[in-house]
Amino acid sequence: MKATLVIENISKLITLKGENRPRVGKEMREIGLIENGIVAVDGDKIIYVGEGNLPSHIEVNDDTVFIDGTGKTVTPGLIDSHTHLVHGGSRENELSMKLKGVDYLEILKKGGGIHSTVKATKEATFQELYKKAKKSLDIMLSYGVTTVEAKSGYGIEDFDVELKQMKVAKKLDEDHPVDVISTFMGAHAIPEKYENDPDKFVDIIIKEMIPEVSKKGFAKFCDVFCEEGVFSIEQSRNILEAGKKYGLIPKIHADEIKPLGGAELAADIGCITADHLVAASEEGMKRMAEEKVIANLLPGTSFNLQSGNFAKARKLIEIGVPVSLSTDYNPGSCPTENLQLIMSFASLIMKMTPEEVITAVTINGACSLGLEIEKGSIEEGKKADLVIFDAPNLNYIIYHFGINHVEKVVKDGIVIK
Ligand code: IZC
Ligand code: ZN
């Protein structure tokens with residue numbers, strides 16, 4: 001076997017080696033650390049992972065690229081499994097309202113928030129949306145992210161805008177080194193026009209939009225913003241069940257602000273992830289553990305909303321709920337592409353250990369997107385998506401917060417930076 005790329009003398013090689021399923025409980029602290037590690041790649045696949053030197057069956061030649069990992073930490077490519085990547089405009093105009101104490105749901109109720117991004121996304125051309133999202137993907141990649149989930153949801157009643165967002169995500173997946181996985185989230189806000197009859201809008205999503213998205217193959221997942229004043233538990237259930245019938249895997253924005261029972265619903269339906277969970281009930285969390293629904297936690301959003309409330313990560317891990325972590329990158333509640341900052345928040349604020357944090361953004365993140373067979377760990381046969389951090393160990397990356405520790409990213413076996 002011939003290697004096209006070899007990373008050698010790696011001080012801390014974090015493999016996440018293990019079964020291709022969500023890691024729970026103490027498994028989230030077993031990161032498969034190899035000191036003085038070596039990784040060999042052929043094309044876009046990992047062909048060898050070990051300690052010390054290459055074994056004799058791995059050949060190298062003049063074309064083989066060598067990288068010295070002395071003093072470095074190497075991890076699988078990071079996975080950001082919850083973003084609202086494709087959108088028009090920005091919402092810095094909300095900052096002064098926020099500083100006066102007007103909260104996220106009040107701004108939304110007044111026709112701002114998501115509604116203002118709906119307007120900006122409608123007004124933006126395909127090219128403008130593409131250019132803006134590409135810039136964000138470039139930043140994400142520079143921070144070590146190699147796979148990103150992207151939700152629609154800024155078209156709401158205007159289905160053509162929903163399709164435009166998903167087409168941008170698809171084109172970026174084709175053009176950009178970062179893999180972009182699409183989620184249909186028509187159920188993101190109640191359009192003004194349906195304020196007095198939201199069930200009519202739910203009906204349109206179920207009968208018209210979901211079948212069309214599925215037919216076009218534009219999305220892998222279906223998501224709903226289940227929240228007070230947005231979509232109720234019953235409406236969310238109906239939408240996600242309809243999505244399931246059309247092959248769209250259910251995800252849910254659950255119990256972010258008000259405790260509606262989103263966690264319980266996620267367990268009932270068999271969602272792959274329930275995201276946010278800041279206000280989730282004890283019963284809901286237990287039900288998620290039973291059904292192995294992944295808790296996709298977004299502490300950057302809690303930080304930015306300044307509510308003082310964060311998801312109970314320690315509790316979730318202790319009762320056996322698998323945890324992943326994401327940015328929730330969006331123009332309102334979390335305008336940052338920096339997943340490393342989110343990793344520090346998860347540890348410093350939610351008290352996750354660095355080992356749990358890296359598990360949450362690699363193998364568990366891959367599971368949150370149904371990609372665990374090909375991604376999320378450094379093992380023979382998996383995709384050569386790797387991050388070389390200029391950091392002596394994992395703790396250093398989490399502790400020295402707010403900056404970018406990435407030295408190089410390897411995507412599909414190609415050295416990017
Ligand atoms: O644009 O505010 N929470 N949806 C649900 C968002 C945040 C995105 C936004
Ligand atoms: Zn979100």
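The basis for the numbers below is simple: all heavy atoms, side chains too, and nothing from hydrogens, waters or symmetry mates. Nothing here was measured: the structure is a model prediction, and the numbers come from that model. Counting convention: from 1, in listed order, for ligands and their atoms alike.
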**Study point:** Ring centroid separation His188 to His115 under 6.0 Å
**Key:** no
Review point. Less than 6.0 Å separating the ring centroids of Phe345 and Phe303?
Key: yes
Nearest to [atom], what protein heavy atom do you find, and at what distance?
| atom | answer |
| --- | --- |
| atom 8 (C) of ligand 1 | Tyr154 OH, 3.3 Å |
| atom 4 (N) of ligand 1 | His188 NE2, 2.7 Å |
| atom 3 (N) of ligand 1 | Tyr104 OH, 3.2 Å |

Check your understanding: Any ion pair linking Arg287 and Glu291 (charged N to carboxylate O, less than 4.0 Å)?
Key -> yes
Practice item. Quick one: name the protein N/O/S atoms under 2.8 Å from the Zn ion (ligand 2), chain by chain. Key: His82 NE2, His84 NE2, His253 NE2, Asp328 OD1
Check your understanding: Purely on distance, is any nitrogen or oxygen of Arg91 under 3.5 Å from one on ligand 1?
Key -> yes
Practice item. For residues 145-165, pull every pair meeting salt bridge (charged side-chain N to carboxylate O under 4.0 Å, His left out), keeping only residues two or more places apart or in separate chains. Key: Lys122-Asp158, Glu149-Lys151, Lys151-Asp223
Check your understanding: Hey, what's the ring geometry for His405 with His400, parallel, tilted or perpendicular (30° and 60° as the breaks)?
Key -> perpendicular
Review point. What class does the angle between the rings of His276 and His82 fall in, given that below 30° is parallel, 30 to 60° is tilted and above 60° is perpendicular?
Key: perpendicular
When you measure from the heavy atoms of [X] to every atom of ligand 1, does any distance fall below 4.0 Å?
| X | answer |
| --- | --- |
| His276 | no |
| Glu227 | no |
| Ser333 | yes |

Point to revise | Any side-chain heavy-atom pair of Val118 and Ile114 under 4.5 Å | key: yes
Review point. Is there side-chain contact between Glu374 and Lys45, with heavy atoms separated by less than 4.5 Å?
Key: no
